[in-house]
Amino acid sequence: MRPGEERPLEGGACDGGSELELLKLRAAECINEAAERLGALSRAIWSQPELAYEEHHAHRVLTHFFEREPPAASWAVQPHYQLPTAFRAEWEPPEAWAQSPAPRPLHLGFLCEYDALPVIGHACGHNLIAEVGAAAALGVRGALECLPRPPPPVKVIVLGTPAEEDGGGKIDLIEAGAFKNLDVVFMAHPSQENAAYLPDVAEHDVTVKYYGKASHSAAYPWEGLNALDAAVLAYNNLSVFRQQMKPTWRVHGIIKNGGVKPNIIPSYSELIYYFRAPSMKELQVLTRKAEDCFRAAALASGCTVEIKGGAHDYYNVLPNKSLWKAYMENGKKLGIEFISEDTMLNGPSGSTDFGNVTFVVPGIHPYFYIGSNALNHTEQYTEAAGSQEAQFYTLRTAKALAMTALDVIFKPELLERIREDFKLKLQEEQFTNAVE
C-alpha cells in the first residue's frame with residue numbers, strides 16, 4: 001500500500017458483512033463527506049495560533065462548527081462550558097427512537113485541544129487534535145443515524161478542552177465535574193509514528209525566584225547580593241544532580257530573568273523548571289531533590305528564595321489495553337501501520353493533562369503520523385500540521401476512533417473489559433504511590 005493511501009473498508013470483507021462493520025463503513029463515509037468542512041476547521045485554528053486560556057478564535061470556530069453542522073440544531077452546544085474557552089456539544093438519538101423505560105445512555109466523550117505554543121504556533125498540532133475529535137464524533141453520529149431501528153442508548157459528547165500546553169484545562173474541567181458521567185473518552189495526538197499508546201509521564205512545573213540586593217558592580221560589588229549568581233548556581237546544581245537521576249527522570253528549565261544591566265548587581269532572578277517522572281510517587285521524590293538544589297543556591301549566594309509550583313500537576317497516562325487493542329484492530333483495517341508494542345511501551349514520551357483524565361474515566365490517547373518526520377515543538381512541525389498532506393492521516397485516525405467507539409457501543413463485553421482494565425490500573429497506581 002502506497003503512503004497516503006487508505007485501505008478501502010468493504011462490508012463484505014469485514015466479519016462477513018456484519019451490521020457493525022457496515023456501521024463502521026458508514027462512519028468512515030460520514031467523515032469523508034465532511035472532509036472539506038473539517039479541513040477548513042483545522043486550517044482556521046492553525047492560521048491563528050493562541051496561547052493557553054486565550055483560545056477565543058479557536059473556541060469560536062469550533063462552537064460555530066457544531067452549531068451549524070447539518071441538520072440544523074442537531075448538536076446541543078454549551079459554548080462557555082465551565083471555562084471561558086471550553087465548550088460542550090452533545091448529540092443523542094431523536095426522542096422518537098427512545099426506549100421506554102429509558103435506561104441510562106452510554107456517555108462517550110471526544111476531546112478537542114486547540115491551544116498553541118509561544119512564537120512557533122501549532123508546533124504540536126493541536127489544530128489536528130481538534131479536527132480528529134470533531135470528525136470522530138461526526139462519524140459516530142452519522143453511523144447511528146443510519147440505523148433502521150433505535151440504537152442502544154448513547155450520548156455523544158464533544159468537549160473542547162483548552163490550555164493543554166500550559167495550565168491544564170482538562171484538570172480544571174475535572175474539578176468542575178465535566179468528566180463525572182462519561183464512560184469512555186477518546187482523543188488522538190499528532191506525532192512521527194502511529195502508536196495506540198505511549199507512556200506519557202507525570203509532570204510538575206515550578207517557578208523559582210531569588211531576591212538579592214542591588215549595588216554598583218564596579219564601585220562596591222561587595223555591598224550587593226547577586227540573585228543571578230543564585231540562579232546560575234541552581235542551574236549548575238541541577239546539572240550535577242543529573243548523574244544521580246534515574247534514566248526515566250527528566251529536568252529542564254530556563255533562566256527567565258537574570259538582571260537588567262551589567263553594572264548593576266542583579267537583585268532579582270527567576271527560573272522556570274519542569275520535572276517529569278513515570279509516576280506521581282517518583283515525581284514527588286524528584287521534586288524534593290530539585291528543590292534542595294534551589295535552596296542550596298540561595299544559601300550559597302546569600303539570597304532568599306521563593307519556590308512556587310504550578311496550578312496543576314499532570315499525571316501519567318494510565319494504559320487501557322482492551323481499548324487500545326480495539327483501536328489497533330480498527331486502524332489496521334484502514335491501513336494504519338503501528339509501531340511494535342515493545343517500542344510503544346519503551347519509547348520516548350512527554351506529558352499531558354489527559355493523564356489526569358485517565359485517573360477518573362477510561363480513555364485512549366493514541367499518537368498518529370501526519371506525513372512528516374519533523375519533531376513536535378519545532379517550526380518544521382508547525383508547517384507539517386498545517387499541510388494538506390496531514391489531512392489524510394488525521395481523518396484516517398478519526399475514522400479509527402469512531403470505529404472503536406462503535407465497538408464500545410455494540411460490544412458490551414468490550415465495555416466491561418475496558419472498565420475492568422481501568423479499575424485494575426487505577427488500583428495498581430494507587431498501591432504503587434502508597435508504598436514507601
Side-chain angles (χ1 to χ4, degrees), residues 1 4-35 37-38 69 74 91-93 97 105-111 131-158 183-188 194-197 320-338 362-366 368-369 391-418:
M1 185 170 296
E5 185 177 80
E6 183 175 296
R7 181 174 295 147
L9 272 176
E10 299 178 359
C14 300
D15 194 24
S18 69
E19 185 176 61
L20 176 56
E21 296 303 329
L22 292 173
L23 284 177
K24 292 179 181 181
L25 175 60
R26 179 57 190 148
E29 290 172 345
C30 289
I31 292 171
N32 286 338
E33 291 164 6
R37 299 195 304 278
L38 290 162
E69 183 63 20
S74 59
W91 174 88
E92 58 185 327
W97 292 6
L106 184 67
H107 289 62
L108 301 182
F110 296 88
L111 309 188
E131 183 180 2
V132 164
L138 294 189
V140 173
R141 188 200 75 177
L144 296 178
E145 283 180 332
C146 80
L147 274 173
R149 62 181 182 280
V154 63
K155 182 177 287 188
V156 178
I157 298 163
V158 181
D183 292 291
V184 184
V185 292
F186 303 82
M187 67 171 290
N194 294 300
Y197 167 80
N320 193 296
K321 197 164 187 177
S322 295
L323 191 50
W324 58 252
K325 277 195 168 184
Y327 173 78
M328 287 182 69
E329 289 174 6
N330 287 303
K332 288 175 180 177
K333 294 175 185 176
L334 295 164
I336 298 177
E337 296 180 359
F338 293 95
I364 186 170
H365 183 278
F368 64 98
Y369 174 71
Q391 286 300 298
F392 165 80
Y393 300 102
T394 300
L395 296 183
R396 183 173 67 170
T397 299
K399 293 170 188 176
L401 282 182
M403 292 161 64
T404 306
L406 289 170
D407 281 332
V408 172
I409 294 170
F410 289 95
K411 293 180 177 179
E413 70 283 2
L414 173 61
L415 178 59
E416 186 59 31
R417 290 199 303 273
I418 289 169

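These numbers come from the heavy atoms of this one structure, side chains and all, not from hydrogens, waters or symmetry mates.
- The nearest pair of heavy atoms linking E69 to R141 is CG-NH1, 3.9 Å.
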Checklist entry - When you look at F368 and I336, which way does the side-chain contact (heavy atoms from CB on, under 4.5 Å) test go after all the steps? => result CA-CA 9 Å; F368 64 98; I336 298 177; over 6 Å; no
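- The shortest side-chain heavy-atom distance between L406 and N330 does not fall under the 4.5 Å cut-off.
- With values rounded to the nearest 0.5 angstrom, K24 atom NZ is found 3.5 Å from K333 atom NZ.
- For the pair V140 and W91, the minimum side-chain heavy-atom distance is 4.5 Å or more.
- Proximity of a side-chain donor or acceptor of D183 to a complementary backbone N or O of L108 within less than 3.5 Å is not detected.
- In this structure, the side chains of T404 and I364 stay at 4.5 Å or more apart for every pair of heavy atoms.
- Across P152 and F410, no two heavy atoms sit closer than the pair CD-CE2, 3.4 Å.
- The ring-ring contact (aromatic ring centres under 6.0 Å, His included) check on Y327 picks up F338, with sequence neighbours excluded.
- Considering OH of Y197 and CG of L323, their distance stands at 12.5 Å, rounded to 0.5 Å.
- Across I31 and L38, no two heavy atoms sit closer than the pair O-CD1, 4.0 Å.
- One finds the NZ atom of K332 at 12.5 Å from the CG atom of L334 (value rounded to the nearest 0.5 Å).
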Item to check | Verdict with reasoning, V184 to L106, per side-chain contact (heavy atoms from CB on, under 4.5 Å) | outcome: CA-CA 9 Å; V184 184; L106 184 67; 5.6 Å; no
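- In this structure, K321 NZ and R417 CZ are separated by 12.5 Å, a value rounded to the nearest 0.5 Å.
- Taking each heavy atom of A402 and A136 in turn, the nearest pair found is CB-O, 3.6 Å.
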Checklist entry - How far apart are the C-alpha atoms of I418 and S322, what are their side-chain angles, what is the distance that settles it, and do they pass the side-chain contact (heavy atoms from CB on, under 4.5 Å) test? => result CA-CA 6 Å; I418 289 169; S322 295; 4.1 Å; yes
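- Here the closest non-hydrogen pair linking F110 and A405 is CZ-CB, 3.8 Å.
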Next on the checklist: Quick one, R26 with E33, criterion salt bridge (Lys or Arg N to Asp or Glu O under 4.0 Å). Give me CA distance, side-chain angles, the key distance, then yes/no.
Outcome noted: CA-CA 10 Å; R26 179 57 190 148; E33 291 164 6; 3.0 Å; yes
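- Using a 4.5 Å heavy-atom threshold, the side chains of D407 and L20 count as touching.
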Item to check | Working for side-chain contact (heavy atoms from CB on, under 4.5 Å), residues L23 and I409 | outcome: CA-CA 11 Å; L23 284 177; I409 294 170; over 6 Å; no
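- Of all non-hydrogen atoms in P105 and K155, the two that sit nearest each other are CB-N, 4.1 Å.
- Under the 4.5 Å side-chain criterion, counting only non-hydrogen atoms from C-beta, H365 is not in contact with V185.
- Side-chain contact check for K399 versus N32: some heavy-atom pair is nearer than 4.5 Å.
- Here the side chains of C146 and L22 are not in contact, with every heavy-atom distance at 4.5 Å or above.
- Between Y393 and Y369, the ring planes lie perpendicular to each other; the angle is over 60°, past the 30° to 60° tilted range.
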